[in-house]
Amino acid sequence: MVRVGSVVLGVSDVPRAAAFWMEALGYVPREEPEDDWVVLVPKDGTGVQLSLGLSRTPPREHPRTHLDLYAESAADQAAEVERLVSLGAQRVEWDLYPDDADFVVLADPEGNRFCVIDTGRN
């Protein structure tokens, strides 16, 4: 049986993207980063890896795949959104928000969209 080992994001600036995601997630490089590739892992060794690879294609407005980051409550979600914005993420004016959305759409410094989910509402 296979398992998910790593989620891969295409980025135009690997060092910039690595700096953002390391700070955002508390991850560290698995090995010495290269100019065009790095694999980030949780500091404690538990969890999904995040791989960042050099890409020449632009991010999509409505990506087919994205990261969901979980917060335990609405207060935690709001605090995490503010923290991530302070690290360089940008708020996205998402045209597909439902009336009672439990998620906030952000973009990393590379423009890759991701969501911060309030899991306390489930």
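Just so it is clear, the values below take in all heavy atoms, side chains as well, and ignore hydrogens, waters and symmetry mates. Counting from 1, the numbers follow the sequence of the chain as shown.
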Main chain of [Y], side chain of [X]: is a donor-acceptor contact present, judged purely on distance under 3.5 Å?
| X | Y | result |
| --- | --- | --- |
| Asn112 | Gly10 | yes |
| Arg16 | Val11 | no |
| Gln49 | Gly5 | yes |
| Glu110 | Ser12 | yes |
| Thr119 | Ala71 | yes |
| Gln77 | Glu72 | no |

Mind checking whether Val8 and Val38 sit in one hydrophobic cluster, side chains of I, L, V, M, F, W, Y counted as touching below 4.5 Å?
no
Decide whether Phe103 and Leu69 are clustered together by the hydrophobic rule: side chain heavy atoms of Ile, Leu, Val, Met, Phe, Trp, Tyr closer than 4.5 Å, transitively.
yes
What's the spacing between Ser73 OG and Glu80 CD if we round to 0.5 Å?
10.0 Å
Atom CD1 of Ile117 and atom CG of Asp68: how far apart are they, to the nearest 0.5 Å?
4.0 Å
Would you say that [X] contacts [Y] through its side chain, given a criterion of any heavy-atom pair below 4.5 Å between the two side chains?
| X | Y | answer |
| --- | --- | --- |
| Leu106 | Arg91 | yes |
| Val92 | Val104 | no |
| Arg113 | Leu67 | no |
| His62 | Trp94 | yes |
| Val116 | Val105 | no |

Solution key, residues 40-47 side-chain donor-acceptor pairs under 3.5 Å, sequence neighbours excluded:
from: Asp44; atom 1: OD1; to: Thr46; atom 2: N; distance (Å): 2.8

Quick one: closest heavy-atom pair of Gly88 and Pro109, and the distance?
O-CG, 3.7 Å
Given side chain to side chain contact (heavy atoms under 4.5 Å, CB included), test Leu9 with Leu50 step by step and report yes or no.
CA-CA 8 Å; Leu9 292 179; Leu50 180 63; 4.1 Å; yes
Quick check: are there more than 12 heavy atoms from other residues, nucleotides or ligands sitting under 6.0 Å from CG of Asp95?
yes
Step through the shown structure and confirm whether more than 12 heavy atoms of other residues, nucleotides or ligands are within 6.0 Å of OH on Tyr97.
yes
Which atom pairs, one a donor and one an acceptor, fall under 3.5 Å between side chains of residues 17-27 and the rest of the protein, sequence neighbours left out?
from: Trp21; atom 1: NE1; to: Asp108; atom 2: OD2; distance (Å): 3.0
from: Tyr27; atom 1: OH; to: Val48; atom 2: O; distance (Å): 2.7

Considering only distance and modelled atom types, tabulate donor-acceptor pairs under 3.5 Å from the side chains of residues 52-60, sequence neighbours left out.
from: Ser55; atom 1: OG; to: Thr57; atom 2: N; distance (Å): 3.2
from: Ser55; atom 1: OG; to: Thr57; atom 2: OG1; distance (Å): 2.9

